[in-house]
Amino acid sequence: MSSAEPSFTYSTGEQLPVEVLVFRVAPEHVDEFIAVDHEVWTLGEALLPGFDRIPFRSKEVWTDDSKPGEITLTFVWESLNDWKRVGEPSIQASLQAEFDRRFPHNVELVAAPHEDSNHGIHRVSRFERVD
């Protein structure tokens, strides 16, 4: 047993908007979806011209072994304003066209809980281990 104190960070008092998207693809295409999503959507939204920084704090991709083919994407946005700027229809249409060109398989949007709550999901605190 190590006597070293555990290292962690704890942040509270945040009010950062969270986007959650749940997709379903054929299980054999999950890894390809994740790779193309990263190359097109993650990097495309992160590196948009006109922003002085990446407009989101983080993006995570989750899978569930009990639901093969289901992929959950979660974004923590810098601000609702930044999220809405990235959501501008011409930006989204361009990225969607590129994604569709590179990922020719069926994709179903299963859920978008942030839409049900009118963008009301927020990260208010965070606890993380520091390695």
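Values in this document were obtained by computation on a predicted structure and should not be read as measured data. The basis for the numbers below is simple: all heavy atoms, side chains too, and nothing from hydrogens, waters or symmetry mates.
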field: Verdict with supporting geometry, Leu109 and Leu21, side chain to side chain contact (heavy atoms under 4.5 Å, CB included)
entry: CA-CA 7 Å; Leu109 177 62; Leu21 299 166; 4.2 Å; yes
query: Measuring from Arg57:CZ to Trp77:CH2, what's the distance to the nearest 0.5 Å?
result: 13.0 Å
task: Would you please test Phe56 and Phe51 for ring pair (Phe, Tyr, Trp, His ring centres under 6.0 Å) and show each step?
output: CA-CA 11 Å; Phe56 51 88; Phe51 284 85; 9.7 Å; no
field: Neighbour count above 12 (heavy atom, 6.0 Å) for Phe8 CZ
entry: no
query: Taking all non-hydrogen atoms of both residues, which atom of Ile54 and which atom of Ala46 are closest, and how far apart?
result: CG1-O, 3.6 Å
message: Looking only at the side chains, is there a donor atom on one of His122 and Glu14 sitting less than 3.5 Å from an acceptor on the other?
response: no
- prompt: Which word best sums up how the rings of Phe99 and Trp41 line up, parallel for under 30°, tilted for 30 to 60°, or perpendicular for over 60°?
  reply: tilted
message: How close do Ser79 and Pro17 get, counting heavy atoms only, and between which atoms?
response: C-CG, 3.6 Å
query: Say you draw a straight line from CD of Glu60 to CG of Leu73; how long is it, rounded to the nearest 0.5 Å?
result: 10.5 Å
- prompt: Hey, is CZ on Arg53 packed in by over 12 heavy atoms from elsewhere, all under 6.0 Å?
  reply: yes
field: Shortest non-hydrogen separation from Arg102 to Glu32 and the atoms involved
entry: O-OE2, 4.1 Å
- prompt: Taking all atoms of both residues into account, what is the closest heavy-atom pair of Ile34 and Thr63, and its distance?
  reply: CD1-CG2, 4.3 Å
- prompt: Between CG of Leu16 and CG of Leu80, what distance do you get to the nearest 0.5 Å?
  reply: 11.0 Å
- request: Can you see which heavy atom on Val18 is nearest to which on His114, and at what distance?
  value: O-CB, 3.6 Å
message: To the closest 0.5 Å, what do you measure between CG (Leu95) and CG (Leu43)?
response: 10.5 Å
query: Which distance, rounded to the nearest 0.5 Å, do you find between the OG of Ser94 and the CD of Glu88?
result: 10.5 Å
Closest contact, heavy atoms only, Val110 versus Phe23: CG2-C, 4.0 Å
field: Ser7 side chain reached by Asp131 side chain, heavy atoms, under 4.5 Å
entry: no
query: Do the ring planes of Phe103 and His29 sit parallel (below 30°), tilted (30 to 60°) or perpendicular (above 60°)?
result: perpendicular
- prompt: Should Val61 and Val40 be regarded as members of a common hydrophobic cluster, given that ILVMFWY residues are connected when their side-chain heavy atoms come within less than 4.5 Å of each other, either directly or indirectly?
  reply: yes
field: Side-chain touch Glu45/Phe75, heavy atoms, less than 4.5 angstrom
entry: yes
field: same_hphob_cluster(Ile71, Val36) at 4.5 Å side-chain heavy-atom cutoff
entry: yes
Check against side chain to side chain contact (heavy atoms under 4.5 Å, CB included), Thr72 and Val20: CA-CA 7 Å; Thr72 301; Val20 180; 4.0 Å; yes
- prompt: If we only count heavy atoms from C-beta on, is the Ser125 to Tyr10 side-chain gap below 4.5 Å?
  reply: yes
message: Can you see whether Ser66 engages Asp64 through a side-chain donor-acceptor pair at a distance of less than 3.5 angstrom?
response: yes
query: Any Lys/Arg nitrogen of Lys59 or Asp37 sitting under 4.0 Å from an Asp/Glu carboxylate oxygen of the other?
result: yes
- prompt: Hey, does the side chain of Gln92 reach the backbone of Val86 with a donor-acceptor pair shorter than 3.5 angstrom?
  reply: yes
query: In Å and rounded to the nearest 0.5 Å, what is the OG1 to CZ distance from Thr9 to Arg129?
result: 11.0 Å
